[in-house]
Structure formats: structure tokens, C-alpha cells
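In what follows, a single structure is set out as C-alpha cells and then discussed.
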Amino acid sequence: MNFKVNRNHRCPCDSGIKYKKCCYQSISSVDFDLSSFEEDRLNQADYQDGREILCDVLLEELQNFYYQLEEFKNNSNELPADFFTRLHEFNEKHPKHPIPLNYLYNGYILIGDHIKANSYMLEMYQKFPLYFFGRFIYASICLYNKEHEKAFEILGKYDSLKDLYPERKKFHVSEGYTFHEFLVKYHAKMKNRVLAERHYNCLVQLASSYPTHDSTQIIKTAREQIEWITFAAAFQVIQNMFTEKQV
């Protein structure tokens, strides 16, 4: 069961220090609205991304696909032999819903078929340009391929989910984690420590109010990405000094 982190709890960043003496000091002045986040499943209409509204039975079927992917990802179970057949059938019956395409992308990534995975990623982004996780996946691939301008246009130029989706009133916490985790990585790549720290602080606030099974690891990775900026800058200084001596 999730619980909120109070000031005397261990900090979500896993430093071993109390929250009030660690990250709380840096986030207390950050303007971050936690009231728009929900832990429970949102109403389908809340996403406002053009998706088909599914009945509870179909939503349960989608949830089972998700659990099977997670078990395979965590090495606790193999994917059922008919997993992709059933998922393809679901996608064909419900072409106006983005999640089957998301699961097809992730399923093929997990088994190492990147060509098929990328084809479903592009289909997902083209058919559902407002679907958040489709945008995230495409932006992440652009960032990996050093297509920084594309990554900026898709997600990097936004400061908050409300900035990205001004008409939406509610967001799931998974969207919050994914959004700010991406922006820490993006701004670290751009060597902008100020903005990377800002989104890191948003992650810490999310973790303090909505801790998950992997929130500690998410924050630890984000912290390492920010520290990389300092390391890269120091390395550049040393490299420049060495070059000057060579001349």
C-alpha cells in the first residue's frame, strides 16, 4: 500500500537521510501542482486523446496484456504463446484505441524485434498524436538518435503536463513520472542543469506523495543524469587544458 512521505521519513532519493534534511529543502520553493494527479484509473474521457471508449470487460482484457508484459519484463514469467496473436486481434477490432499499439511496441521491444516495434510506434504517433505515451516513446527515440530539435518539439519545450494538455483537468501519476523523468534526461543531454534540477524536484514531490515500487530507482537514475552534467563539464575543461598544452 502506498503512503505519503512526511518530513521525517527517509528521503525518496535513497540517500539514507531524512526527507526534511535532503530533497525537501530544494523542492519546498518549487511551484508544482500535485492536486491534478490521480493514482486510480482515470475515466477514459479524461485523456482527451481521441480514443474509443471501451467497456469494462475490454479494459480488463487490456489490463491482462499489461500484466503479462510486466511479468515478462521482470523475468517472472514468459509471454503466452498466443500473446501477439491475441493483441493483434484486439488492435484490429479496436483501431481507434492507442493502448494496443503501445503494448505491441513494448512487446516487440522486449523480444528484440526493433523493426516491428518502430513500425507500431510510428503508427501510434501518427494515429493518436495526442496520446501521451505515444509522444513520450517517439520523443525518447528522437533523443536517443540525437534528433534534439524533434525531441524538443514533441515534449522538450513543455514545462508541465498542464502546459502540454491545457484542456485536461486530471493526469495519472504514471504520466507525471514519465513526463518529468523524460525532461530530466532531455535537459541533462542539453547540459541545462537548472531545468534538469527543476524536473528532478517535481519527481521527488511525486515520489513523496505517490510512491511506487520503482520511484526510488527513477529518482536515483535522474540524479545520476544530472550529475553527469558536472562530470561532462569537468571532462571538457581537462580536455581543453590538454589540447592547449599539446599546441
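Note that the numbering runs from 1 along the sequence shown for the chain.
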Legend entry - Flag side-chain contact, heavy atom, 4.5 Å: Ile137 against Met124: yes

Legend entry - Closest non-hydrogen atom pair between Pro100 and Phe90, with its separation: CG-CD2, 3.6 Å

Inset, instruction - Compute whether any side-chain donor of one residue and acceptor of the other, for Thr221 and Gln217, lie under 3.5 angstrom apart. - result: yes

Inset, instruction - Flag the pair Arg223 and Glu227 as a salt bridge only when some basic side-chain nitrogen lies within less than 4.0 angstrom of an acidic carboxylate oxygen. - result: yes

Legend entry - Ring geometry between Phe136 and Phe132 (parallel below 30°, tilted from 30 to 60°, perpendicular above 60°): parallel

Inset, instruction - Of all the heavy-atom pairs spanning His97 and Phe128, show the shortest one and how long it is. - result: N-CZ, 3.4 Å

Inset, instruction - Keeping the roles fixed (side chain from Lys127, backbone from Pro95), state whether a donor-acceptor pair exists under 3.5 Å. - result: yes

Legend entry - Donor-acceptor pair between Gln63 and Tyr67 side chains, under 3.5 angstrom: yes

Legend entry - Flag, side chain of Asn192 to backbone of Leu195, donor-acceptor distance under 3.5 Å: yes

Legend entry - Check ion pair Glu153-Arg135 (N to O, under 4.0 angstrom): no

Inset, instruction - If the plane angle is over 60° it's perpendicular, under 30° parallel, otherwise tilted; pick one for Phe171 and Tyr165. - result: tilted

Inset, instruction - Decide side chain to side chain contact (heavy atoms under 4.5 Å, CB included) for Lys191 and Trp228; before the verdict, give the C-alpha distance in whole Å, the side-chain angles of both, and the deciding distance to 0.1 Å. - result: CA-CA 9 Å; Lys191 300 179 183 178; Trp228 174 87; 4.2 Å; yes

Legend entry - Min side-chain heavy-atom separation Cys142-Ile154 under 4.5 Å: yes

Legend entry - Atom pair CZ (Phe65) and CG (Asn106), whose distance is rounded to the nearest 0.5 Å: 13.5 Å

Legend entry - Gln44 side-chain N/O to Leu54 backbone N/O, donor-acceptor pair under 3.5 Å: yes

Legend entry - Min side-chain heavy-atom separation His180-Tyr200 under 4.5 Å: no

Legend entry - Between Thr230 and Arg193: side-chain donor-acceptor atoms closer than 3.5 Å: yes

Inset, instruction - Measure across Ile111 and Leu79 and return the closest heavy-atom pair with its distance rounded to 0.1 Å. - result: CG2-CD1, 4.3 Å

Legend entry - Flag side-chain contact, heavy atom, 4.5 Å: Glu175 against Arg168: yes

Inset, instruction - Report yes if the distance between the aromatic ring centroids of His88 and Tyr103 is under 6.0 Å, otherwise no. - result: no

Inset, instruction - Could you check if a side-chain atom of Leu155 sits within less than 4.5 angstrom of a side-chain atom of Phe179, using non-hydrogen atoms only? - result: yes

Inset, instruction - State, without any angle test, whether Asn102 and Tyr131 hold a side-chain donor-acceptor pair at a distance under 3.5 Å. - result: yes

Inset, instruction - Could you tell me whether His148 and Phe152 have their ring centroids closer than 6.0 angstrom? - result: no

Inset, instruction - Would you confirm whether Glu92, through its side chain, and Glu89, through its main-chain N or O, come within 3.5 Å as a donor-acceptor pair? - result: no

Inset, instruction - Treating Ile, Leu, Val, Met, Phe, Trp and Tyr as nodes and any side-chain heavy-atom pair under 4.5 angstrom as an edge, say whether Ile53 and Phe133 lie in one connected cluster. - result: no

Legend entry - Side-chain donor-acceptor pair present, His94, Glu52, cut-off under 3.5 Å: yes

Legend entry - Non-hydrogen side-chain atoms of Arg41 and Leu59 separated by less than 4.5 Å: yes

Inset, instruction - Assert yes or no for the condition that the ring centre distance of Tyr138 to Tyr125 is strictly below 6.0 Å. - result: yes

Inset, instruction - Report the C-alpha separation of Phe72 and Asn77 in whole Å, then their side-chain angles, then the decisive distance to 0.1 Å, and conclude whether the side chain to side chain contact (heavy atoms under 4.5 Å, CB included) test is met. - result: CA-CA 5 Å; Phe72 181 61; Asn77 225 333; over 6 Å; no

Inset, instruction - Of all the heavy-atom pairs spanning Ala117 and Tyr105, show the shortest one and how long it is. - result: O-CD1, 3.1 Å

Legend entry - Donor-acceptor under 3.5 Å (Lys170 side chain, Ser35 main chain): yes

Legend entry - Crowding at NZ, Lys169 (>12 non-hydrogen neighbours, <6.0 Å): no

Inset, instruction - Kindly indicate whether the side chain of Met190, heavy atoms from C-beta on, has any atom under 4.5 Å from the side chain of Lys185. - result: no

Inset, instruction - Take Leu62 and Leu58, measure what side chain to side chain contact (heavy atoms under 4.5 Å, CB included) needs, and give me the verdict at the end. - result: CA-CA 6 Å; Leu62 267 183; Leu58 292 174; over 6 Å; no

Legend entry - Cationic N near anionic O, under 4.0 Å, Arg198 to Asp159: yes

Legend entry - side chain to side chain contact (heavy atoms under 4.5 Å, CB included) between Ile141 and Met121, intermediate numbers included: CA-CA 10 Å; Ile141 291 173; Met121 180 275 295; 3.5 Å; yes

Inset, instruction - Using modelled atom types only, decide if a donor and an acceptor are shared between the side chain of Asn145 and the backbone of Glu147 within a distance under 3.5 Å. - result: no

Inset, instruction - Using atom types as modelled and distance alone, determine if a side-chain donor or acceptor of Asp49 lies under 3.5 Å from a backbone N or O of Arg51. - result: yes

